Amino acid sequence: MKTSLSILALALPLVMASPLAHAASHSITTFIEEQDLNGDGKVSLAELKAGRQIGFMKADLDENGTLIEVEYVGEYEGRLMLKLSKIADPEKRKEEQQRQMRQAKVRFNVLDSDKSGAIDMTEYMASGVKMFERQDRDKDGFVTDKDRILLEADTKQGKGDDFIAP
Ligand SMILES: [Ca+2]
Ligand SMILES: [Ca+2]
Ligand SMILES: [Ca+2]
């Protein structure tokens, strides 16, 4: 009994700080964490493009140059599981997983802009560039922590958006 109680006490703050509390500004922080390849704390468009290219190649399991749904969703699921492992509550984890996987399928259809049933590199890149431009709030060509602060201020005034990285 004593053991399970102390585990609960340990787990609780983790749940509170979980990615479930997903603010728009949080997505810029995640974006920088994931896309800042040279570790200088900001993301350039060139970095974004390089990262997108690697991501695409990783997902393209049969290496035919396009991503079908199972490839796109599968690659996302791998990264998602890693993130979700930080959520202590198994119920919450499952709920979040189902929600995120539903969104991944929706994103697949959005990314497949010509509705060919597969995402090609052009489509994948275009969505990355669009995402970059939206995150770069001050339009200086880099996504930085300053953009996160700007977004936070805009959100407070009701001008921010809930754009989620595809
Ligand atoms: Ca493929
Ligand atoms: Ca397509
Ligand atoms: Ca910027």
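It should be emphasised that the depicted structure is a prediction, and the values quoted were computed from it without experimental measurement. Read the numbers this way: they start at 1 and go in the same order the structure lists the ligands and their atoms.
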**Message:** Does the structure place the NZ or CZ of Arg52 under 6.0 Å from the centre of the six-membered ring of Phe132, at an angle of no more than 45° from the ring's axis?
**Reply:**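 Verdict for Phe132: no cation-pi partner in Arg52.
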
**Request:** Give the atom name of whichever N/O/S atom in Asp140 sits closest to the Ca ion (ligand 3).
**Result:**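 Among the N, O or S atoms of Asp140, the one closest to the Ca ion (ligand 3) is OD1.
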
**Request:** Measuring from the Ca ion (ligand 3), name the closest N, O or S atom belonging to Asp138.
**Result:**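 Nearest to the Ca ion (ligand 3) within Asp138's N, O and S set: OD1.
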
**Item:** Whether Ser116 has an N, O or S atom under 3.0 Å from the Ca ion (ligand 2)
**Value:**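 Within the cut-off used here (under 3.0 Å), Ser116 does place an N, O or S atom near the Ca ion (ligand 2).
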
**Prompt:** Within the stated cut-off of 3.0 Å, is an N/O/S atom of Phe142 closer than that to the Ca ion (ligand 3)?
**Reply:**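 Yes, since at least one N, O or S atom of Phe142 sits under 3.0 Å from the Ca ion (ligand 3).
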
Is a salt bridge present between [X] and [Y], judged by a nitrogen-to-oxygen distance below 4.0 Å?
X      : Y      : value
Glu152 : Lys156 : no
Glu96  : Arg99  : yes
Asp136 : Lys139 : no

**Prompt:** Name the one of Glu95, Lys94, Lys92 that satisfies side chain to side chain contact (heavy atoms under 4.5 Å, CB included) with Ile87?
**Reply:**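 Passing option: Lys92.
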
**Asp147 OD1 and Asp136 OD1 subtending at the Ca ion (ligand 3) (10° steps)** =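 Asp136 OD1 and Asp147 OD1 form an angle of 90° at the Ca ion (ligand 3).
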
Heavy atoms, side chains only, cut-off 4.5 Å: are [X] and [Y] in contact?
X      : Y      : value
Met131 : Leu48  : yes
Phe56  : Met125 : no
Leu37  : Glu47  : yes
Glu75  : Leu67  : no

**Message:** For the metal site, I want the angle between atom OE2 of Glu123 and atom OD1 of Asp112 with the Ca ion (ligand 2) at the apex, to 10°.
**Reply:**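 The two atoms form an angle at the metal of about 90°.
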
**Request:** Measuring from the Ca ion (ligand 2), name the closest N, O or S atom belonging to Asp114.
**Result:**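 So the atom name we want here is OD1.
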
**Request:** Sort by chain and number the protein N/O/S atoms that are closer than 3.0 Å to the Ca ion (ligand 1), and list them.
**Result:**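 Per the 3.0 Å query on the Ca ion (ligand 1), atoms found are Asp60 OD1, Asp62 OD1, Asn64 OD1, Thr66 O, Glu71 OE1, Glu71 OE2.
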
